[in-house]
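Notes follow the structure.
Counting convention: from 1, in listed order, for ligands and their atoms alike. Fair warning: this is a prediction, and the values are worked out from it, not measured in the lab.
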Amino acid sequence: MTIKMGILGFGFIGHELENLLSDFQEIELVALCDIEPEQMQNAKTPGIAKYQHMDDFFGHPDMDTVIIAIPNHLHKEAVIKAAKASKHILCEKPVALTVEELDEMEKAVQEAGVKFTVHHQRRFDPDFRTAKEIFDSKELGDVYTVQSMLYGINGNMHDWHVYKKFGGGMLYDWGVHLIDQILWMIPGKLKTVYADIRNVINKEVDDYFKILLRFENNIVAEIELGTYFLADKPNWFERHWFIGGNRGSAFIDGFKPNGKICTTSRLLENAGSKRTMTSAGPTRSFGTPAPGVLITKDLPEVNTSHRQYFDNFVNAMRGEEDFLVKIPEVRRTLSVMEAVFKSGETGQVIQFE
Ligand SMILES: NC(=O)c1ccc[n+]([C@@H]2O[C@H](COP(=O)([O-])OP(=O)(O)OC[C@H]3O[C@@H](n4cnc5c(N)ncnc54)[C@H](O)[C@@H]3O)[C@@H](O)[C@H]2O)c1
């Protein structure tokens with residue numbers, strides 16, 4: 001079975017997807033649509049049909065599946081129209097701006113009996129998979145903190161992302177990925193949500209946030225994103241993870257991660273009182289553990305890429321697997337985002353599940 005695919009919105013991610021999908025024999029790209037026709041001038045797929053209006057695009061006779069890759073505020077309208085045109089749907093993230101919007105979209109999808117999933121390909125990011133593998137291995141003992149951090153150095157937010165009415169802001173842009181990763185990694189109910197959301201330099205939309213998610217298993221996940229951590233290192237736009245448990249720690253830096261795992265075979269709750277000289281001066285609390293008690297290891301090697309997202313997509317379209325990204329998961333992420341916005345506005349901790 002060949003998937004006859006169309007892409008609605010041929011901007012940044014539309015172009016990326018054209019490149020990526022050209023590797024898949026199972027997918028034939030048959031149509032594009034962009035409200036600005038010049039966006040499609042450099043399409044590489046020979047003979048592809050090009051439309052300027054989504055209503056005409058959804059009427060393309062030889063297309064069974066669409067990717068919705070237009071700005072966030074238009075996802076609801078596009079998904080409902082795609083469903084009514086009986087197209088299977090892969091929607092970009094964030095799937096919608098609110099849970100209410102998503103529920104309307106899902107109703108249309110169910111009425112039409114089409115397939116529906118969301119492009120959360122960052123579940124295959126190597127840094128995230130490294131963190132997840134360490135977390136799943138339980139080698140850090142009882143994990144109490146998982147920190148997921150992402151920093152940009154120049155405040156560069158662009159195009160429609162700086163306007164609220166288009167669904168702009170970093171929470172909708174990257175926050176949705178970071179929350180999706182944490183919810184996919186940490187099992188159990190999420191009990192409370194707290195967020196500090198800032199407009200550091202952008203007037204309308206968030207460009208910094210810190211989110212604390214407390215799970216029923218007492219793990220607290222901290223997600224921090226800043227677009228304006230001014231620095232003169234061009235590669236400092238970086239990704240960092242820290243995972244702490246009672247038997248060890250993991251430090252993970254970069255999208256192609258470097259770092260290490262430090263564990264111990266025994267709990268070190270009472271290592272005795274020993275005076276050590278450190279750069280902070282003489283100390284008893286911050287000295288290094290006694291020789292021989294720490295085991296330092298390299299990070300596990302993970303071999304993942306965004307291509308694997310589409311391996312699953314193709315198999316799910318053929319009915320051989322479930323979609324990795326399921327709509328109830330996406331809905332949960334969106335309701336966490338609503339709680340995050342509410343906490344950011346009120347300064348209150350929001351009770352969740
Ligand atoms: N999964 C990811 O990693 C990832 C990465 C980037 C963007 N995205 C998502 O993809 C979507 C698009 O983002 P982008 O960065 O490519 O934006 P973009 O501005 O680069 O491209 C959007 C395109 O949609 C077109 N467009 C706007 N309104 C339209 C309409 N009514 N009909 C047809 N075309 C229309 C624009 O002309 C533009 O070419 C967003 O939802 C974004 O969050 C996802």
Completion exercise
Looking only at protein heavy atoms, what sits closest to atom 28 (N) of ligand 1 is L74 CD1, 3.5 Å

Handout entry: Contact check: D173 vs ligand 1, nitrogen or oxygen atoms, below 3.5 angstrom
Key = no

Problem - Within 6.0 angstrom of K50 NZ, more than 12 heavy atoms from elsewhere - result: yes

Problem - Y172, portion touching ligand 1 at heavy-atom distance under 4.0 Å - result: neither

Practice task
Kindly give the cluster partners of V302, where membership spreads through any ILVMFWY side chain lying under 4.5 Å from a current member.
Solution key: none

Problem - Residue Q25 excluded, over 12 heavy atoms near CD under 6.0 Å - result: no

Handout entry: Under 4.0 Å to a heavy atom of N72 - the qualifying atoms of ligand 1, by number
Key = 40 (C), 41 (O), 42 (C), 43 (O)

Practice task
Please confirm whether I35 comes within less than 3.5 Å of ligand 1 when only nitrogen or oxygen atoms on both sides are compared.
Solution key: yes

Completion exercise
With heavy atoms and a 4.0 Å threshold, my read on which part of Q39 contacts ligand 1 is side chain

Practice task
Quick one: look at D159 and ligand 1, take heavy-atom pairs under 4.0 Å, and tell me if it's side chain, backbone, both or neither.
Solution key: neither

Handout entry: Which residue and heavy atom of the protein sit nearest atom 27 (C) of ligand 1, plus the separation
Key = P71 CD, 3.5 Å

Exercise for the section: Classify the ring geometry between Y151 and H240 as parallel (under 30°), tilted (30 to 60°) or perpendicular (over 60°). Expected result: tilted

Problem - Residue R214 excluded, over 12 heavy atoms near CZ under 6.0 Å - result: no

Problem - For atom 44 (C) of ligand 1, the protein heavy atom that lies nearest, with its residue and separation - result: E92 OE1, 2.9 Å

Completion exercise
When distances are taken from atom 21 (O) of ligand 1, the protein heavy atom at minimum range is G11 CA, 3.2 Å

Practice task
Examine R122 against ligand 1 and note whether any of their N/O atoms are separated by less than 3.5 Å.
Solution key: no

Problem - Crowding at CD, E301 (>12 non-hydrogen neighbours, <6.0 Å) - result: no

Exercise for the section: Considering heavy atoms of the protein only, find what lies nearest to atom 43 (O) of ligand 1 and give residue, atom and distance to 0.1 Å. Expected result: K93 O, 2.8 Å

Completion exercise
For A69, the atoms of ligand 1 under 4.0 Å from one of its heavy atoms are 11 (C), 12 (C), 22 (C)

Completion exercise
Quick look: Q121 vs ligand 1, heavy-atom contacts under 4.0 Å, and the answer is side chain

Exercise for the section: Could you tell me whether F12 and ligand 1 have an N or O pair separated by under 3.5 Å? Expected result: yes

Exercise for the section: Please state which part of H53 comes within less than 4.0 Å of ligand 1, counting heavy atoms only: side chain, backbone, both or neither. Expected result: neither

Problem - Residue L8 vicinity, atoms of ligand 1 by number, heavy atom under 4.0 Å - result: 33 (C)

Handout entry: Other residues, nucleotides, ligands: >12 heavy atoms within 6.0 Å of F352 CZ
Key = yes

Problem - Closest protein heavy atom (residue, atom, distance) for atom 25 (C) of ligand 1 - result: D34 OD2, 3.2 Å

Problem - Under 4.0 Å to a heavy atom of F10 - the qualifying atoms of ligand 1, by number - result: 39 (O)

Problem - Full working for side-chain contact (heavy atoms from CB on, under 4.5 Å) between V95 and H75 - result: CA-CA 7 Å; V95 64; H75 290 183; 5.7 Å; no

Practice task
Count the heavy atoms belonging to other residues, nucleotides or ligands that lie under 6.0 Å from CG of N42, then report whether that count exceeds 12.
Solution key: yes

Handout entry: Shared-cluster residues of Y194, by chain and number - hydrophobic side chains joined below 4.5 Å
Key = L212, V220, V349

Exercise for the section: Please confirm whether H75 comes under 4.0 Å of ligand 1, counting heavy atoms of the residue only. Expected result: yes

Practice task
Give a yes or no on whether Y228 atom OH has more than 12 heavy-atom contacts from other residues, nucleotides or ligands under 6.0 Å away.
Solution key: no

Completion exercise
shortest atom 35 (C) of ligand 1-to-protein heavy-atom contact is with I70 CG2, 3.4 Å

Practice task
Please indicate whether D136 has more than 12 foreign heavy atoms, meaning atoms of other residues, nucleotides or ligands, lying under 6.0 Å from its CG.
Solution key: yes

Exercise for the section: Run the ring-centre check on F341 versus Y172 and record whether the distance is less than 6.0 Å. Expected result: yes

Problem - Plane angle bin for F128 and W241 - parallel if under 30°, tilted between 30 and 60°, otherwise perpendicular - result: tilted

Handout entry: M54 N/O under 3.5 Å from ligand 1 N/O
Key = no

Practice task
Spell out, as yes or no, whether a donor-acceptor pair under 3.5 Å connects the side chain of N202 to the backbone of D206.
Solution key: no

Problem - Contact (N/O only, under 3.5 Å) between I13 and ligand 1 - result: yes

Problem - Per-atom contacts of ligand 1 with W160, taking only distances under 4.0 Å to non-hydrogen atoms - result: 13 (O), 17 (O), 18 (P), 19 (O), 40 (C)

Handout entry: Q52, any N or O under 3.5 Å of ligand 1 N or O
Key = no

